[in-house]
Amino acid sequence: MTAALRPFLRHEAILFVLLVAALFVLAGQSDRFFTIANLLNQGRLMTEIGLVALAMTFVIVTGGIDLSVGSILGLCAILLGVFWQNLGLPLPLAMGLAVLVGGVAGLVNGLIITRFRVPPLIATLATLALYRGLAEGISQARSVRGYPDWFFVLGQGDLAGVPTQLWILGLLTLVAGVVLGMTAFGRATYAIGANETAARFSGVPVDRVKIAIYTASGLVAGLAAVIFVSRVSTTRSDMGTGVELDVITAVVLGGTSIFGGRGTIIGTAIGLVLIQALKNGLALAGVKGDGTIVVIGLVLILAILASNLFSREDG
Amino acid sequence: MLKKTLAFALGLGLMSGAAYAQSAWTGGDDLPTNPLACDGTPAAVASKPYDGGSPTNAPDRKGKPLNVVDVPKLIGIGYFNATSKGIADAAAELGNVTAKTDGPTQANIDQQISFIDNYITSGVDGILFAANDPVAIAPVLKKALAAGINVVGYDANSQPDARQWFVNQAEFNGIAKAMIDSLAKESGEDASFAIVTSTFTTPNQARWIAEMGAYAAKCHPNLKWLETVEAQEDNVLSFNQATTLINKYGDELKGILGMTSVATPASAEAVTQAGKCGSIAVVGLATPNAMKPYVEKDCVKSVVLWNPVDLGYAAMYVLRAVADGTLEPGATSVKAGKLGELQVINGSEILLGAPFVFTKENIGNFDF
């Protein structure tokens, strides 16, 4: 690791200590928290957010943001149902197409951002409304139900004792970690976030990298949609509302700078687990929902303050 | 590049074009309807075998203290505060039940599922719920039953086999009749009207709208439905949607049906601010407190509802009876404290009673 990487390893270290501390405290509050069954179940509940957060880490490292992921999730979920029930396609094909639509939606984001030089915040704010509107329009306010049993394996079943979707999340986390940390593509991602102009003049294919990242963001949102539908066994046009905020919270808590240039997949993973552990652990300890949100807000502020403090001493 | 962009625009345009090709009343579901007789002859109760679920290896809870959690669609709104009060009242009356209400601050299926999931893990004896989606909530409720937890729904049902009993606040066709009769009486038999609902897929609202469509076709065929608009259960959005309707249809609009306890007062406020009191009738479901100002000003004449405090109260009594084993599959009625004997309908539902129409004469007697 180079010296440049050290400050954000520091953030992850702080976060990890915070996570371990939180786990200890929460385990002390309820004897039902630190059980294999509960932890695996929490893994199941956080998969959709986790998948989207992986791609979001790339997006935010480039200095961008993707607010449309929740709407893409809703759109893909609805289309999965429409492809399967209304168009009569075989379910596996419908699943594939739904993910593909997510990719196309992401590609549209990428094209708007790179070709028309629209700031990502504005572009994806617009598509947030656009995709949700399409989802609601296409669904004609009907939900699609009655999927075959095998489909539920994805969202409700187990593979070797571990929730099926957790395998997918684990695999993709590994892939994302390797791509961001060890490949030329990952280095290009950091370069764009640190200084886009410099990156452009250094021969980094800035637009192509960005388009690839936003497309990937759409693809994982599509994948998350399929898993979500399988988990709750129905499709609705309001699925995934507000997901973008949960995702961005996890990524930022994980130490990714909202200004770009900094961030790691491992940080995002820890941020994600910390939030899920707090939500679950506090609920089991008898804290009500509104209290939990307050705690998560405080932890986010504290983690970022602490990290700023340490990195300032460093410099 | 331009070509690509045009292709995208065209594709998106086509997709959204396909979105508007529907007849009937938007926002209704496609289940079969069963409109009541126009003159109010009560429908015969068809007997139907028990179709609810049952918990696996539930411990003997007869007469033992129960730890119960109530997970409504969302917390912090008048309606669910009232059901929550009813649950607390019943728990206090029973003496051997600890009940608390907890849930998401937005009507969100995913969050509601997480809340229930966490309470299953924490090991409660009973769960009371009002579903945000009848199918989406089913897997987690089945998980609760599999963990030996007693599960009773109220207000918004799940799939029947995912819970034991459901306390039905009023039959859908009964509410539909009360709404449409009031509308026709106030705005005239040939009036044009619009509907403000929560979302097109919310189970209760979708059912009511479908039943209202069927009942209107049967008993008030000249009423003209214009449009149904979605307003979540959001105050500001409901007001804006109602205002948009008033501006869009002008004098053609003679009535607004509010399908939620948020949409109705917001629609009444919109009508008041537009200075259309008397020319646009607002009929809807709402809690009396929210409607008192409009009813007293004669801007609203009929508020249709049941008593949500009684609803929560009944749900708590039903849960206690299920845990005690006094309410078993096949029963035809259940005792619910001060409400007396409640009737079992549709196999595994318990009917709270006929809907109640609040008017200027009686609204002052209610405080919720």
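Note on naming: letters A, B, ... go to the chains in the order of the sequence lines (proteins, then strands), and numbering restarts at 1 for each one.
The environment of B:Lys85 atom NZ is sparse: at most 12 non-hydrogen atoms of other residues, nucleotides or ligands sit within 6.0 angstrom. Within a 6.0 Å sphere centred on CD of B:Gln106, heavy atoms belonging to other residues, nucleotides or ligands number 12 at most. Enclosure of atom CD1 in A:Ile36 is not indicated, since only 12 or fewer non-hydrogen atoms of other residues, nucleotides or ligands lie within 6.0 angstrom.
Among B:Pro104, B:Gly123, B:Gly103, the residue with the largest count of heavy-atom pairs under 4.5 Å with chain A is B:Gly123. In terms of heavy-atom pairs under 4.5 Å with chain B, the best-connected choice from A:Ile293, A:Asn38, A:Asp238 is A:Asn38. Residue with the most contacts toward chain A among B:Asp117, B:Ile109, B:Thr199: B:Asp117 (heavy-atom pairs, distance under 4.5 Å).
Note: B:Ser114 OG to A:Gln42 CD = 7.5 Å, rounded to the nearest 0.5 Å. Residue B:Asn118 holds its CG atom at 9.5 Å from CZ of A:Phe33, rounded to the nearest 0.5 Å. Rounding to the nearest 0.5 angstrom, the gap separating the CG atom in B:Asp133 from the CZ atom in A:Arg236 is 4.5 Å. Distance CD/B:Gln232 to OG1/A:Thr241: 7.5 Å, rounded to 0.5 Å.
Both the backbone and the side chain of B:Thr121 have a heavy atom closer than 4.5 Å to some heavy atom of chain A. Only the side chain of B:Asn108 comes within contact range of chain A, with heavy atoms under 4.5 Å apart. For A:Ser30, no part lies near chain B; criterion is any non-hydrogen pair under 4.5 Å. A:Phe152 does not touch chain B: none of its heavy atoms, backbone or side chain, sits under 4.5 Å away.
Here the shortest heavy-atom pairing between B:Asp102 and A:Val287 reads OD2-O, 4.1 Å. Of all heavy-atom pairs spanning A:Gln156 and B:Pro139, the tightest one is NE2-CG, 3.7 Å.
Between A:Asn41 and B:Lys143 there is a side-chain heavy-atom pair separated by less than 4.5 Å. Between A:Glu136 and B:Thr201 there is no side-chain heavy-atom pair separated by less than 4.5 Å.
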> Should B:Ile75 and A:Asp290 be marked as a side chain to side chain contact (heavy atoms under 4.5 Å, CB included) after you check the CA-CA gap, both sets of side-chain angles, and the distance that decides it?
Replying inline: CA-CA 9 Å; B:Ile75 55 168; A:Asp290 31 15; 4.2 Å; yes

> Yes or no on side chain to side chain contact (heavy atoms under 4.5 Å, CB included) for A:Leu284 and B:Tyr119, after CA distance, side-chain angles and deciding distance?
Replying inline: CA-CA 7 Å; A:Leu284 293 186; B:Tyr119 278 106; over 6 Å; no

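Of the possible donor and acceptor atoms, one in the side chain of A:Lys288 sits under 3.5 Å from a partner among the backbone N and O of B:Thr101.
In this structure, B:Asp110 pairs ionically with A:Arg231, as a charged nitrogen and a carboxylate oxygen lie closer than 4.0 Å.
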